[in-house]
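Taking it in order: structure first as structure tokens, then the write-up.
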Amino acid sequence: MTITAPQQKLNTFLDESKASGFLDAEFAAFMDDRDPLKALRNEFVIPKKGEIAPGSDNPEDTCIYFCGNSLGLLPKAVARYVKEELEVWGEGAVNSHFNHRFGRPWVRIEETVQEQSARVVGAKKDEVAIMNTLTSNLHTLFAAFYTPTQDRHKVLIESKAFPSDHYAVESQIRWHGLDPRESLICQEPRAGEVLLRTEDILETIEKHGHEIAVVCFSGIQFYTGQYFEMEKITKAAQAKGCIVGWDLAHAAGNVPVQLHDWNVDFACWCSYKYLNSGPGGIAGIFVHERHAKDLGRNRLAGWWGHDKVTRFDMVNVFKPMEGAAGFQHSNPSVLTTSALLGSLSVFEQTTMAEMRQKSYLLTGYLYHLLTTEFSKDVLEIITPAEPEHRGAQLSLVFKRGKMMEVFEGLAKRGIIGDERKPDVIRIAPTPLYTRFEDVRQFVVELKKLVAELY
Ligand SMILES: Cc1ncc(COP(=O)(O)O)c(C=O)c1O
């Protein structure tokens with residue numbers, strides 16, 4: 001087995017820490033102590049075990065939260081920003097659209113989160129608009145960028161795309177009077193495999209690219225945690241004349257994507273997972289600046305996409321703004337936008353590159369412990385072993401039909417992951433608020449549980 005770079009680092013740290021092994025509390029304490037992001041944990045409200053798992057031992061201890069891939073924890077700043085908006089609403093009512101005590105007039109509220117969101121996804125400010133929710137945005141972008149012709153009408157997606165994406169794409173195909181049986185290509189893994197091989201995706205693009213209008217994958221696969229080779233796939237598909245879009249639900253705020261430099265055509269993401277903006281939070285879109293001035297591109301129009309200067313003149317001649325802003329529909333939800341502003345204020349205290357460094361080590365640590373402490377007839381990790389092909393999340397398959405029992409046993413101990421039937425538990429140690437000690441305790445508790453159940 002080749003030793004990965006994070007593993008090499010962990011080995012060096014083990015020597016330095018003088019701990020007797022990776023499962024020693026001393027080792028985790030050593031890692032947490034030298035973690036450059038350790039102060040950011042204090043920016044979050046971390047539920048207590050007693051709150052999230054009533055009846056658990058040590059109810060006053062913080063729970064072990066590995067579910068940032070589903071819903072990120074509450075950043076303390078969110079409460080402050082939302083409270084301010086409620087105050088301003090109470091004091092100024094409609095006037096707060098233009099006069100705002102905190103300098104965030106609602107008429108331009110989306111601009112308060114544009115630049116910071118752009119930084120998170122490696123985009124220029126005008127390539128990003130914060131609007132709607134994820135599936136709606138996927139529809140919005142398909143409406144503009146999926147323009148099938150007789151010769152080029154297909155869409156290429158992953159066979160196990162998140163159901164909402166699959167439904168959205170199928171419905172877009174039907175919307176054009178086409179039949180998904182002819183116009184949808186689902187990239188399947190090889191027989192007996194769960195991950196998609198880049199070479200196979202590239203082969204499909206090579207073979208069918210001339211008839212594919214849009215290639216749309218997730219940046220990180222929700223089930224397996226596989227981080228697709230976005231730049232390579234984008235380049236290959238564009239060389240064949242396809243438009244390339246990405247769903248970054250599990251990638252935004254998790255891995256440092258470079259949407260602009262990778263020349264991606266469009267992308268969309270939600271903000272309630274790794275971006276921690278709260279349930280149903282406002283989402284984002286990216287449209288590459290190459291398309292910024294393409295104002296003739298047909299789109300689903302709304303007044304918020306209309307030229308800002310004349311928006312309130314109420315003339316019924318739609319003049320889209322340049323860039324991603326021209327794809328907006330409605331005036332945005334101020335409360336969810338200010339929640340996002342609060343959560344992004346934590347990201348402003350670090351960089352995606354710095355987070356990735358910690359994430360490599362933290363998830364590498366989890367990977368190492370799981371593969372050394374458990375046999376393959378108890379659990380197997382389906383997420384790629386190579387750190388560059390995964391983000392924070394590891395997907396664990398529990399054998400012999402015991403996944404639900406393991407899941408419930410962990411939950412009772414205040415350890416929160418999430419389950420995907422039939423047999424997977426997803427564990428995502430997100431670097432902003434997870435400690436090495438959390439990973440260690442998880443493995444210690446899992447060992448006890450496995451001893452009981454297997
Ligand atoms: C990859 C992916 N796509 C789409 C969605 C649906 O998101 P929404 O309900 O915000 O539209 C999710 C939700 O978890 C997701 O993980």
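Just follow the structure's listing: the first ligand is 1, and inside any ligand the first atom is 1. The model shown is predicted, which means the values in this text are computed figures rather than measured ones.
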Nearest non-hydrogen protein atom, atom 9 (O) of ligand 1:
Tyr272 OH, 3.7 Å
Any N or O of Ser136 closer than 3.5 Å to N or O of ligand 1:
no
Within a distance under 4.0 Å of any heavy atom of Ala249, pick out the atoms of ligand 1 and give their elements.
1 (C), 2 (C), 15 (C), 16 (O)
Is it true that the side chains of His389 and Gln226 contain a donor and an acceptor less than 3.5 Å apart?
no
So for ligand 1, is Asp247 a polar contact partner (N or O within less than 3.5 Å, distance only)?
yes
Within-4.5 Å side-chain heavy-atom neighbours: Val244 and Val214:
no
Could you say whether the N/O atoms of Lys273 and ligand 1 ever approach to under 3.5 Å?
yes
Could you tell me if Gln393 and Ser395 have a donor-acceptor pair between their side chains, going purely by distance under 3.5 Å?
yes
Taking distance alone, no hydrogens or angles, what donor-acceptor pairs closer than 3.5 Å link side-chain atoms of residues 68-80 to residues at least two apart or in another chain?
unit_1	atom_1	unit_2	atom_2	d
Lys76	NZ	Asn42	O	2.6

As an exercise, identify every atom of ligand 1 less than 4.0 angstrom from a heavy atom of Thr135.
6 (C), 7 (O), 8 (P), 11 (O)
Using a strict cut-off of 4.0 Å, indicate which atoms of ligand 1 neighbour a heavy atom of His250.
1 (C), 16 (O)
Here the salt bridge (charged side-chain N to carboxylate O under 4.0 Å, His left out) pairs for residues 261-270, sequence neighbours left out, are Asp265-Arg290
